[in-house]
Amino acid sequence: AQTVTQSQPEMSVQEAETVTLSCTYDTSESDYYLFWYKQPPSRQMILVIRQEAYKQQNATENRFSVNFQKAAKSFSLKISDSQLGDAAMYFCAYRSAITGNQFYFGTGTSLTVIP
Amino acid sequence: DAGVTQSPTHLIKTRGQQVTLRCSPKSGHDTVSWYQQALGQGPQFIFQYYEEEERQRGNFPDRFSGHQFPNYSSELNVNALLLGDSALYLCASSSRTGAYEQYFGPGTRLTVT
């Protein structure tokens, strides 16, 4: 089974600064998708950004961007110009493009934004 | 455009009881997946339904069962509740023919006493 590892249980960043959240995954597959989800205290998981493994170009969504290193099986999330509303749990997730729609999640990183 | 909805929001049950949680998928989606999220953990996949059948299942006992209705809504049933079943239960919907991401509902917080 695929595993997703987030080695930073907690991170903090000053408002307006940049922070990078780490994620590594283990898979023998070559075709898959990777995601970052945000879960604020309201509990609703919100999709932040997604990356297709076959694409070499790193995905970007406004202030959010990823550094996808396929050979290293690494998928980090960079948040630029951090805002108070970015404070939340962030989960990295993996989905196979071959063996089904099951998502595998990491254990999450709690991000605090300091005013 | 209505997103994924779940009911109830919170639920308190006693050990040994049975519980049913409900989910309505996002408009245009035909696939529903259920996840269990224990406190401080990431979501764990329970199972997935489309075309009214269970298509994929995670490592959960048979006490966990589900159903999907013709309108694509879904139920999660848990029998013989254990204290360890206390968790946030998330429903996620997706489309088999559309984009590959899943959209999540707000969850149901189940407490077993």
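In what follows, chains are A, B, ... by sequence order, proteins preceding strands, each numbered from 1.
- The contact list for residues 106-115 of chain A toward chain B, using heavy atoms and a distance under 4.5 Å, reads A:G106, A:T107 by residue number.
- Shown here is A:N62, whose CG atom has no more than 12 heavy atoms of other residues, nucleotides or ligands within 6.0 Å.
- Hydrophobic clustering (ILVMFWY, side-chain heavy atoms < 4.5 Å, transitive): A:V48 and A:L84 are in one cluster.
- By the criterion of side-chain heavy atoms lying less than 4.5 angstrom apart, applied directly or through intervening Ile, Leu, Val, Met, Phe, Trp or Tyr residues, B:L21 is grouped together with B:F47 in one hydrophobic cluster.
- Looking at B:Q48, only its side chain comes within 4.5 Å of chain A, counting heavy atoms on both sides.
- If you measure heavy-atom distances from B:R109 to chain A, the contacts under 4.5 Å come from both the backbone and the side chain.
- Counting heavy atoms of neighbouring residues, nucleotides and ligands inside a 6.0 Å radius, atom CZ of B:R15 does not exceed 12 of them.
- Under a hydrophobic-cluster definition in which Ile, Leu, Val, Met, Phe, Trp and Tyr are linked whenever side-chain heavy atoms come within less than 4.5 Å, directly or via other members, B:Y49 and B:L90 are assigned to different clusters.
- B:L83 CG: more than 12 foreign heavy atoms inside a 6.0 Å radius.
- Taking both residues in full, the closest heavy atoms of B:Y35 and A:F105 are given as CE2-CE1, 3.8 Å, listed atom of the first, atom of the second, then distance.
- B:V4 and B:L11 fall into different hydrophobic clusters, where Ile, Leu, Val, Met, Phe, Trp and Tyr side chains are chained together by heavy-atom contacts under 4.5 Å.
- Here the CD-CZ distance, from B:Q6 to A:R43, works out to 8.5 Å after rounding to the nearest 0.5 Å.
- Neither B:L88 nor B:V32 shares a network with the other; the hydrophobic side chains, linked directly or stepwise wherever heavy atoms of I, L, V, M, F, W or Y lie under 4.5 Å apart, form separate groups for each.
- Contacts between A:F91 and chain B at a heavy-atom distance below 4.5 Å involve the side chain alone, from C-beta outward.
- Atom CD1 of A:I46 sits in a crowded spot, with more than 12 heavy atoms from other residues, nucleotides or ligands closer than 6.0 Å.
- No more than 12 heavy atoms of other residues, nucleotides or ligands shown are found within 6.0 angstrom of NZ on A:K78.
- The distance from atom CD of B:Q44 to atom CD of A:Q102, rounded to the nearest 0.5 Å, is 9.0 Å.
- Proximity to chain A (any heavy atom under 4.5 Å) is restricted, for B:Q56, to the side chain, taken from C-beta onward.
- Heavy atoms from other residues, nucleotides or ligands lying under 6.0 Å from OH of B:Y72 number 12 at most.
- Among the residues in residues 29-40 of chain A, those with a non-hydrogen atom closer than 4.5 angstrom to a non-hydrogen atom of chain B are A:Y33, A:F35, A:Y37, A:Q39.
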